[in-house]
Amino acid sequence: QVELVESGGGSVQAGGSLRLSCAVSGFSVSNNCMAWFRQAPGKEREGVAIHYRTGRQRTYYTGSAAGRSTISLDNANNTVYLQINDLRPDDTAMYYCAAGGRCTIAMNNAMEYWGKGTLVAVSA
């Protein structure tokens, strides 16, 4: 069974950092497209970061957190991470791990597998 379980969210002050985790079961993260999305209150879900299976540039970032985010894989633990530095109040959102499907963060519903999310709340 495929399951994506996010963790690591919480309340943090602006300027701080968080490292979100996505524990994956049912497939190897090294053989799939992995991505992070977020949905802020009152807004549509948007892509944050993606790690492609292949390609010269394996990672790509989009949105306001692009310059402050890093997606990485831990193949041994089959876990995907999203590091966000210098957090801002507008980073407040539910963060979702996603995999497979059309493998894109340009659309907010094209990925095949989704976690249930982990909440990040950034205070000024």
Side-chain angles (χ1 to χ4, degrees):
Q1 295 181 351
V2 173
E3 187 174 27
L4 283 61
V5 181
E6 302 96 333
S7 62
S11 299
V12 62
Q13 292 185 345
S17 299
L18 282 176
R19 188 192 191 198
L20 309 180
S21 298
C22 175
V24 176
S25 60
F27 64 86
S28 297
V29 299
S30 63
N31 292 325
N32 219 314
C33 169
M34 306 300 307
W36 285 92
F37 292 75
R38 68 184 183 182
Q39 186 169 19
K43 295 185 177 181
E44 295 289 328
R45 185 166 61 194
E46 64 178 359
V48 178
I50 190 165
H51 187 288
Y52 298 104
R53 293 174 58 197
T54 59
R56 183 188 63 82
Q57 182 175 337
R58 292 292 190 94
T59 60
Y60 182 79
Y61 304 90
T62 189
S64 62
R68 301 176 285 113
S69 302
T70 302
I71 185 171
S72 61
L73 308 183
D74 183 343
N75 294 336
N77 291 294
N78 213 39
T79 300
V80 185
Y81 301 100
L82 178 68
Q83 175 84 26
I84 308 178
N85 299 321
D86 192 22
L87 286 159
R88 304 168 182 172
D90 61 358
D91 292 323
T92 296
M94 184 73 74
Y95 284 74
Y96 298 93
C97 180
R102 297 183 184 180
C103 187
T104 179
I105 54 175
M107 297 181 288
N108 65 11
N109 62 352
M111 306 290 286
E112 182 175 3
Y113 302 108
W114 294 85
K116 295 181 179 179
T118 184
L119 182 62
V120 173
V122 183
S123 59

So does [Y] get a backbone contact from the side chain of [X], meaning a donor-acceptor N/O pair under 3.5 Å?
| X | Y | result |
| --- | --- | --- |
| Thr92 | Val122 | yes |
| Asp74 | Thr79 | no |
| Thr104 | Ala106 | yes |

Measure across [X] and [Y] and return the closest heavy-atom pair with its distance rounded to 0.1 Å.
| X | Y | result |
| --- | --- | --- |
| Thr62 | Gly47 | CG2-O, 3.2 Å |
| Gly115 | Glu6 | CA-OE2, 3.1 Å |
| Ile50 | Ala35 | CG1-CB, 3.9 Å |
| Val29 | Asn78 | N-OD1, 2.8 Å |
| Glu112 | Gly101 | CB-N, 3.3 Å |
| Val12 | Gly16 | CG2-CA, 4.1 Å |

**Asked** Can a salt bridge be assigned to the pair Glu46 and Arg38 using a cut-off of 4.0 Å between side-chain N and carboxylate O?
**Response** yes
Would you give the length of the straight line joining atom [atom1] of [X] to atom [atom2] of [Y], rounded to the nearest 0.5 angstrom?
| X | Y | atom1 | atom2 | answer |
| --- | --- | --- | --- | --- |
| Trp36 | Leu20 | CH2 | CG | 5.0 Å |
| Cys103 | His51 | SG | NE2 | 10.5 Å |
| Ile71 | Cys22 | CD1 | SG | 9.0 Å |
| Leu87 | Ser17 | CG | OG | 6.0 Å |
| Tyr81 | Ser7 | OH | OG | 8.5 Å |

Going only through I, L, V, M, F, W and Y residues with side-chain contacts under 4.5 Å, is there a path from [X] to [Y]?
| X | Y | answer |
| --- | --- | --- |
| Tyr95 | Leu119 | no |
| Met107 | Val48 | no |
| Tyr113 | Met94 | no |
| Phe37 | Leu4 | no |

**Prompt:** Using the ring of each side chain (for Trp, its six-membered ring), is Tyr96 parallel, tilted or perpendicular to Trp114, with breaks at 30° and 60°?
**Reply:** perpendicular
**Prompt:** Mind checking whether Gln1 and Ser25 have side chains closer than 4.5 Å, heavy atoms only?
**Reply:** no
**Leu73/Met34 under side chain to side chain contact (heavy atoms under 4.5 Å, CB included): CA gap, chis, key distance, verdict** = CA-CA 9 Å; Leu73 308 183; Met34 306 300 307; 4.1 Å; yes
If you draw a 6.0 Å radius around [atom1] in [X], do more than 12 non-hydrogen atoms from other residues or ligands fall strictly inside?
| X | atom1 | result |
| --- | --- | --- |
| Arg58 | CZ | yes |
| Tyr61 | OH | yes |
| Phe27 | CZ | yes |

**Residues in side-chain hydrogen bond (donor to acceptor under 3.5 Å, both in side chains) contact with Gln83, at least two apart in sequence or another chain** = Asn85
